[in-house]
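Values below: all heavy atoms of this structure, side chains included; hydrogens, waters and symmetry mates excluded. A quick note: this is a predicted structure, and the numbers were derived from the prediction, not measured. Naming convention: chains lettered A, B, ... in sequence-line order (proteins, then strands); numbering from 1 in each chain.
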Amino acid sequence: MSAPAATAPAIDPSFPSVWEEIVWRGLVHVSTNEDELRELLSGPPIVYYCGFDPTAPSLHLGNLVQLLLMRRLQLAGHRPLGLVGGSTGLIGDPRPTAERTLNDAAVVAEWVGYLQAQVARFLSFEGENAARLVNNLDWTAPLSAIEFLRDVGKHFRVGTMLKKDAVSARLNSEAGISYTEFSYQILQGMDFAQLYREYGCILQTGGSDQWGNLTSGIDFIHRTEGVSAHAIGTPLITNSDGTKFGKSEGNAVWLDPTMTSPYAFYQFWLNTDDADVIARLKVFTFLSRAEIERLERAVADEPFRREAQRVLAWEVTSIVHGADAASGAIAASEALFGQGDLSALPADVLESALRELPHTTTTPGSGIAQLLVDTGLTSSLGESRRAIAQGGVSVNNAKVDDESAVLDDAALLHGMAVLRRGKKSFAGVFVE
RNA sequence: GGCAAGUUACCCAAGCGGCCAAAGGGAGCUGACUGUAAAUCAGCCGUUUUCAACUUCGGGGGUUCGAAUCCCUCACUUGCCA
């Protein structure tokens with residue numbers, strides 16, 4: 001099977017406006033007045049923004065929802081401001097469960113650079129509605145504590161602030177909340193107001209868990225500028241079986257290819273549950289309504305073909321990592337999961353497939369148990385032994401049944417070995 | 001600042017001097033069944049040189065033949081009072 005043609009990002013012309021499209025895609029969970037938003041989005045270009053805090057060296061799948069929403073609005077003619085929170089990242093958005101650990105300022109600054117590069121990949125910086133990257137550290141760093149309290153703090157009522165979901169959840173939990181995190185919503189409110197003053201920004205998008213922070217900016221703008229700004233909160237993406245979306249083998253799925261390989265990324269999407277795949281296509285691809293409805297019928301009629309999953313995996317992987325990387329991921333997947341035996345694969349095909357996987361280089365006669373640890377398939381020798389004892393490990397598709405087995409030359413294919421744990425976890429071993 | 005309660009493995013949570021590497025649930029892993037799906041059933045789930053040893057129950061110190069369990073101290077969290 002060859003890679004399908006990549007779909008160029010576009011809005012679906014069958015909708016009256018981009019508002020109807022994003023509603024159909026299930027991207028609007030909460031928002032300010034719907035009629036006003038519809039009118040705003042179908043009118044002349046407006047300026048909108050979405051913020052990303054540097055709490056890690058890379059964005060993840062939750063952020064991808066926002067990035068694609070930004071892109072959809074830009075394709076509809078509006079002008080995006082991509083904000084990376086150089087200052088808010090130093091404070092930390094309150095999570096409902098527990099206080100965050102503060103990150104070192106130098107580390108946050110480094111992450112800001114990584115995130116800006118990632119955000120930039122999803123937006124166009126050309127034309128009438130060219131995107132712009134902004135950093136809230138630019139306007140918060142020069143602010144003195146006195147200015148902050150007099151000019152900003154005076155507009156925020158503690159009663160209102162206490163009612164925000166994240167804050168009240170924390171107040172009602174045994175974790176409590178620090179003054180630092182309590183103040184977060186003020187910073188985000190300031191951002192929106194600042195972007196309104198500087199760029200005329202009147203719409204902010206974000207996850208629905210950010211709703212309190214979004215409205216905080218709307219209130220602030222209303223009090224200081226007398227203008228009604230808008231916000232759209234996207235739904236939290238959940239799996240129908242109740243597990244957390246965006247986790248693969250317990251780890252977050254990152255957009256950075258060095259943190260989550262394109263192969264692992266592709267596999268993540270390919271493994272989407274039937275019950276979720278259509279909703280994912282709507283949110284994470286630019287496919288038209290007609291095409292998605294066709295795939296919906298395909299899932300109903302021929303679920304075993306998993307066409308919707310294949311299309312989804314291809315589309316999202318190409319959007320995030322490019323068509324070449326996506327093709328590579330497909331090739332590797334087909335080599336590893338294909339029907340034919342591995343020994344039939346040409347050396348170069350096998351090698352490029354293994355390069356997509358976690359891999360290690362070793363010398364002849366290494367213990368299988370140790371190789372499992374080296375490639376990350378297991379986290380300890382004990383776990384390796386257990387996996388082997390349970391019949392879950394194979395080398396080049398030959399089951400390993402001895403816990404102390406070593407990698408012998410006879411088992412190698414062109415000096416390489418495909419280490420497999422369970423049904424879906426693979427790693428490459430190169431023997432020199 | 002005072003008083004009280006609490007801090008247990010990825011998460012929640014039992015344990016309250018030896019029977020504790022630590023109940024139970026969730027998550028995770030493997031096997032069977034499958035469609036690289038879901039559901040279900042079974043097993044695993046601190047480390048290691050695995051009939052045994054070693055390191056863990058917020059940090060440090062102490063009592064004891066023996067501590068997650070008792071005492072002291074420090075840190076943090078929560079509640080009430082100021």
Side-chain angles (χ1 to χ4, degrees), chain A residues 1 94-102 167-182 238-253 263-281 295-296 298-314 317 329-340 342 353 356-357 367-370 372-373 375-394 397 399-404 418-427:
Chain A
M1 190 177 95
R95 287 181 293 195
T97 48
E99 191 81 7
R100 288 177 188 271
T101 307
L102 291 177
V167 173
S168 68
R170 285 280 292 280
L171 284 172
N172 291 325
S173 78
E174 61 181 42
I177 185 168
S178 68
Y179 183 72
T180 303
E181 290 194 4
F182 176 59
T238 55
N239 290 334
S240 56
D241 61 8
T243 55
K244 274 185 189 161
F245 168 77
K247 299 279 170 136
S248 173
E249 299 183 14
N251 302 312
V253 177
Y263 167 82
F265 190 86
Y266 177 86
Q267 283 288 321
F268 169 82
W269 292 103
L270 189 65
N271 281 307
T272 302
D273 192 327
D274 289 0
D276 296 320
V277 70
I278 299 303
R280 299 287 182 271
L281 284 165
L295 289 167
E296 190 165 13
V299 173
D301 298 342
E302 304 178 297
F304 51 90
R305 289 187 57 210
R306 305 182 340 118
E307 184 183 1
Q309 278 89 343
R310 287 179 206 283
V311 173
L312 174 69
W314 160 257
T317 308
I330 289 180
S333 298
E334 287 180 355
L336 295 168
F337 288 94
Q339 299 303 318
L342 289 168
E356 295 287 325
L357 306 173
I368 302 294
Q370 184 59 49
L372 288 166
V373 175
T375 53
L377 287 181
T378 60
S379 53
S380 68
L381 285 173
E383 192 181 338
S384 294
R385 289 196 201 90
R386 266 180 249 125
I388 293 170
Q390 291 176 131
V393 175
S394 64
N397 280 346
K399 187 182 278 188
V400 176
D401 45 24
D402 178 3
E403 294 176 21
S404 56
V418 179
L419 212 54
R420 175 173 185 164
R421 184 191 184 196
K423 243 180 292 190
K424 297 183 282 193
S425 303
F426 294 90

Which base, if any, makes a Watson-Crick or G-U wobble pair with [N], both distances under 3.5 Å?
N: B/U63; answer: none
N: B/A42; answer: B/U30
N: B/C80; answer: B/G2
N: B/A14; answer: none
N: B/U49; answer: none
N: B/G35; answer: none
N: B/U7; answer: B/A75

Which nucleotide sits closest to the side chain of [X]: [options]?
X: A/F304; options: B/U48, B/U30, B/G35; answer: B/G35
X: A/Q390; options: B/C44, B/U50, B/U34; answer: B/C44
X: A/S380; options: B/U48, B/U36, B/G35; answer: B/U48
X: A/P303; options: B/U36, B/G35, B/U34; answer: B/G35
X: A/D273; options: B/A38, B/U36, B/U47; answer: B/A38
X: A/L381; options: B/C45, B/U49, B/U36; answer: B/U49

Considering all heavy atoms of both residues, which atom of [X] and which atom of [Y] are nearest to each other, and what is their separation?
X: A/A387; Y: A/R421; value: CB-NE, 3.8 Å
X: A/L419; Y: A/L377; value: O-CD1, 3.9 Å
X: A/R280; Y: A/F245; value: NE-CE1, 3.4 Å
X: A/L336; Y: A/R420; value: O-NH1, 4.4 Å

Could you tell me whether [X] contacts a base, only the sugar-phosphate backbone, or nothing, with contacts defined as non-hydrogen atoms closer than 4.0 Å?
X: A/I388; answer: nothing
X: A/T378; answer: nothing
X: A/R305; answer: nothing
X: A/E383; answer: nothing
X: A/R386; answer: sugar-phosphate

Separation of atom [atom1] in [X] from atom [atom2] in [N], rounded to whole Å:
X: A/R280; N: B/A38; atom1: CZ; atom2: P; answer: 13 Å
X: A/L372; N: B/U48; atom1: CG; atom2: C1'; answer: 17 Å
X: A/F245; N: B/A37; atom1: CZ; atom2: C1'; answer: 16 Å
X: A/R385; N: B/G46; atom1: CZ; atom2: P; answer: 14 Å
X: A/R306; N: B/A37; atom1: CZ; atom2: P; answer: 7 Å
X: A/K399; N: B/U30; atom1: NZ; atom2: P; answer: 13 Å
X: A/D401; N: B/G31; atom1: CG; atom2: C1'; answer: 15 Å

Please determine which of A/S384, A/S379, A/S380, A/S425 meets the side-chain contact (heavy atoms from CB on, under 4.5 Å) test together with A/L372.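 Running side-chain contact (heavy atoms from CB on, under 4.5 Å) over A/S384, A/S379, A/S380, A/S425 with A/L372 returns exactly one hit, A/S384.
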Looking at B/U36, does its base get a donor-acceptor pair with the side chain of A/Q309 below 3.5 Å?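 Flag unset: no donor-acceptor pair detected.
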Is there a donor and acceptor pair, one atom on the side chain of A/K424 and one on the base of B/U30, closer than 3.5 Å?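 No, the side chain and the base share no sub-3.5 Å donor-acceptor pair.
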Residue mapping more 5' on RNA chain B - nearest nucleotide basis, A/T272 or A/S178: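 First, find each residue's nearest nucleotide; the 5'-ward one identifies A/T272.
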Most 5' of A/N271 and A/G382 on RNA chain B, judged by nearest nucleotide: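 Checking each residue's closest nucleotide, the 5'-ward one belongs to A/N271.
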Regarding A/D273 and A/Q309, is there a side-chain donor-to-acceptor distance under 3.5 Å anywhere?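 There is no such pair (donor and acceptor under 3.5 Å, judged by atom type) between the side chains of A/D273 and A/Q309.
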Would you mind reporting whether A/E307 and A/E302 have side-chain heavy atoms less than 4.5 Å apart?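 Of all side-chain heavy-atom pairs linking A/E307 with A/E302, none is under 4.5 Å.
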